[in-house]
> 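Below is the structure I would like to discuss, written out as structure tokens.
Within every chain, numbering begins at 1; the chains are lettered A, B, ... in the order of the sequence lines, protein sequences first and strands thereafter.
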Amino acid sequence: MQFKSQVISNVEVSPGYYRMRMTAPPAVLDARPGQFVMVRVNGAIDPLLRRPFGIYDLGAFATPYTDCGRQTFLEILYRVVGKGTAMLADLHQGDHLEILAPLGNGFDLGPAGEDKVLVGGGVGLAPLYFLARELVKTAKVRLFAGGRTKEDVLCITEFERLGVETYVATDDGTLGDQGLVTEVLTRYLADDSGSKQLFACGPMPMLQAVARIAAAQRIPCQVSLEAYMACGMGACLGCVVPGKHHSAETPDYRCVCKDGPVFGYHELQWEVR
Amino acid sequence: MATKPNMSVDIAGIKLRNPVMTASGTFGYGREFADYLDLERIGAMITKGLSLKPKAGNPTPRIVETPGGMLNAIGLQNVGIDAFIEEKLPFLRTVDTPVIVNLYGNSLEEYGELAERIDAIPEVAGIEVNISCPNVKQGGIVFGTDPAAAYEVVKLVRDSTIKPLIVKLSPNVTDIVAMARACVDAGAEALSLINTLTGMAIDLAKRRPILANVTGGLSGPAIKPVALRMVWQVSKAVDVPLIGIGGIMNATDALEFILAGATAVQVGTANFLNPSAAQEIAEGMELWLVENGVADVNELIGSLRA
Ligand SMILES: Cc1cc2nc3c(=O)[nH]c(=O)nc-3n(C[C@H](O)[C@H](O)[C@H](O)COP(=O)(O)OP(=O)(O)OC[C@H]3O[C@@H](n4cnc5c(N)ncnc54)[C@H](O)[C@@H]3O)c2cc1C
Ligand SMILES: Cc1cc2nc3c(=O)[nH]c(=O)nc-3n(C[C@H](O)[C@H](O)[C@H](O)COP(=O)(O)O)c2cc1C
Ligand code: FES
């Protein structure tokens, strides 16, 4: 759905990373973890396109200012990387946004009995928080979070407050182990043979490493991808990734916006990129 | 209260309830937008460019934003005519709005064969031929940049179908009027202009082109002045109805094209920023007519005071 929204709060949670809460109509509560929103920063033509962000959290709070006495909200966690996100970071309470949400397919939460292993790199943690919030209701959840420095590992205490067991790795060792989060993951998996499922979101090299681990150990794994998007609804075909059967003769491109952004790792072709 | 102005226009015998259509490649196959606007309140829908066989399109990145516009190098990815008939047409059949099929080929023969196939589909109101494609068999010369090649391909399509025939012009030419005349001489009953302008974008840090295809087509507000100029020039030179395309974001933009000589318009990139754009533009145009005491949108066509 398409709606106008207002900023409720916009807080810098770590240098260059912001968490924004915005108003949303009640129907947004049907959104599932892994789905995303497209945000139009202002009504002008620069920046032209909407910007996609994963849903970090959503809910409703009591307020005297709406007819029903409740205000539904949506949260995103974003990193300032360019023009659009810099403009977002400048917004204050009461500023206006235009939103398309919820878009895409979310994570399949999987059966209740298995352990859930979340792997996130940098701002890839954003959709994993909403996911963890749902998963902790029925399963044991572990989070493997990676980043360049401790300032790139976000909102870990929020996950811990949900009861998630967290493992952290940073490139420079300023938080958790020094090295790649996928190395920590590999060590953990070597010691734990219970039935489990992986959920990953982050930079492509991290996702590739996670997909390799999942394939080697035959663990079900879902990954959430990013792609340059214009429409967010399957119309422009700008955001495609090659599916498993893709070749020039047998085209099998999938839209990250509509068929994803969450895919089973086995649905995709990992070598060609 | 003012009476409602007449908004309906006629393009090559296709009656549109209002002059606002959705441009090829920016509106999927219609269904993608059904939740965001009333498909029965726009003038017509143009499909993604169809080819005989499914087409994979280009590698990624395929799109990049530029100031006031975007570049795309989708590479004409599409499901092919068979899947269009089987998977996309059943939905379009339920919508009471003309569907115009945009088609392209990589050889003369492919254009002709496609036109014959589409001729046999009763639900298709008309054909829009995209001639901005290379003729693979003849050294890759783009049909739409050479008047003789354009004449040949339009003539063949004309001989292959009795459907209303619209030809979509490429702006990447020295003389748009010569192209327009060649297409009309070959039997085009209406002209759409413009398609995207070829451009490119560079990532300085990586010293690489941003698009995998290196070059792409520029669309959006950045191209509107060029599109307006071309519509205006062509309207002075040919007698067929014109469909103005290029950077139309709102009713004002659309009405400017009508003044410049267009009978109808297509909304492209704007659908990405606002999926209800086409309907809002049609409603905004009607409101402007009411406010300015214009009883019929047809009175505005080419009414530029110049
Ligand atoms: C499904 C999805 C979910 C995402 N979730 C988040 C999130 O939760 N938090 C977060 O910080 N970021 C997220 N991103 C990335 C985010 O969309 C980009 O960082 C953002 O669009 C950059 O905009 P900009 O104007 O600041 O950058 P610029 O570089 O100025 O943007 C130029 C153009 O490139 C596009 N672009 C640039 N980087 C990316 C990228 N990494 N992915 C997709 N498009 C890009 C922009 O959308 C814009 O069209 C997500 C991307 C996708 C596809
Ligand atoms: C992503 C994208 C895909 C397009 N695909 C096609 C196509 O398949 N066939 C075609 O004739 N034009 C295609 N176009 C061109 C548009 O129909 C239109 O002519 C152009 O974008 C200019 O209009 P705009 O500025 O309103 O977008 C495409 C444009 C975009 C942005
Ligand atoms: S962003 Fe347009 S198809 Fe995915």
> Does atom CZ of B:Arg208 have more than 12 heavy-atom neighbours from other groups under 6.0 Å away?
no

> Around atom NZ of B:Lys53, are there more than 12 heavy atoms from other residues, nucleotides or ligands closer than 6.0 Å?
no

> Run the numbers on A:Val241 and B:Thr60 for side chain to side chain contact (heavy atoms under 4.5 Å, CB included), then give the verdict.
CA-CA 8 Å; A:Val241 289; B:Thr60 57; over 6 Å; no

> For the candidates B:Asn58, B:Val64, B:Asn274, B:Thr26, which exhibits the highest count of non-hydrogen atom pairs separated by less than 4.5 Å from chain A?
B:Asn274

> Might you confirm whether atom CZ of A:Arg254 has over 12 heavy atoms from other residues, nucleotides or ligands at distances under 6.0 Å?
yes

> Tell me the closest heavy-atom pair linking A:Leu48 and B:Gly68, and the distance in Å.
CD2-C, 4.3 Å

> Between A:Tyr253 and B:Arg62, does a side chain to side chain contact (heavy atoms under 4.5 Å, CB included) hold up when you go through it step by step?
CA-CA 12 Å; A:Tyr253 273 126; B:Arg62 289 177 166 187; 3.2 Å; yes

> Output the distance between atom CG (B:Asn271) and atom SG (A:Cys231), rounded to the nearest 0.5 Å.
9.5 Å

> When you measure from the side chain of A:Gln2 to the backbone N and O of B:Tyr36, does any donor-acceptor pair fall under 3.5 Å?
no

> Closest approach of A:Val240 and B:Gln77, non-hydrogen atoms and distance?
CG1-OE1, 3.9 Å

> Hey, could you give me the CD1/CG distance between A:Ile45 and B:Asn250, rounded to the nearest 0.5 Å?
10.0 Å

> So what's closer than 4.5 Å to chain B heavy atoms on A:Met38: side chain, backbone, both or neither?
neither

> Return yes when atom CD of A:Glu12 has more than 12 non-hydrogen atoms of other residues, nucleotides or ligands closer than 6.0 Å, and no otherwise.
yes

> Is it the case that more than 12 heavy atoms not belonging to B:Arg229 sit under 6.0 Å from its CZ atom?
yes

> With chain B as the partner, which of A:Asp252, A:Thr250, A:Leu237 has the greatest number of non-hydrogen pairs under 4.5 Å?
A:Leu237

> Calculate, to the nearest 0.5 Å, the distance between atoms CZ and CE belonging to B:Phe33 and A:Met233 respectively.
5.0 Å

> Using 0.5 Å steps for rounding, measure from the CG atom of B:Asn72 to the SG atom of A:Cys236.
8.0 Å

> Ignoring hydrogens and geometry, is there a side-chain-to-backbone donor-acceptor pair from B:Glu65 to A:Leu49 under 3.5 Å?
yes

> What part of B:Thr269 is in contact with chain A, defined as an atom under 4.5 angstrom from a non-hydrogen atom: side chain, backbone, both or neither?
side chain

> Could you tell me which non-hydrogen atom of B:Gly28 sits nearest to which non-hydrogen atom of A:Ala235, and how far apart they are?
N-CB, 3.6 Å

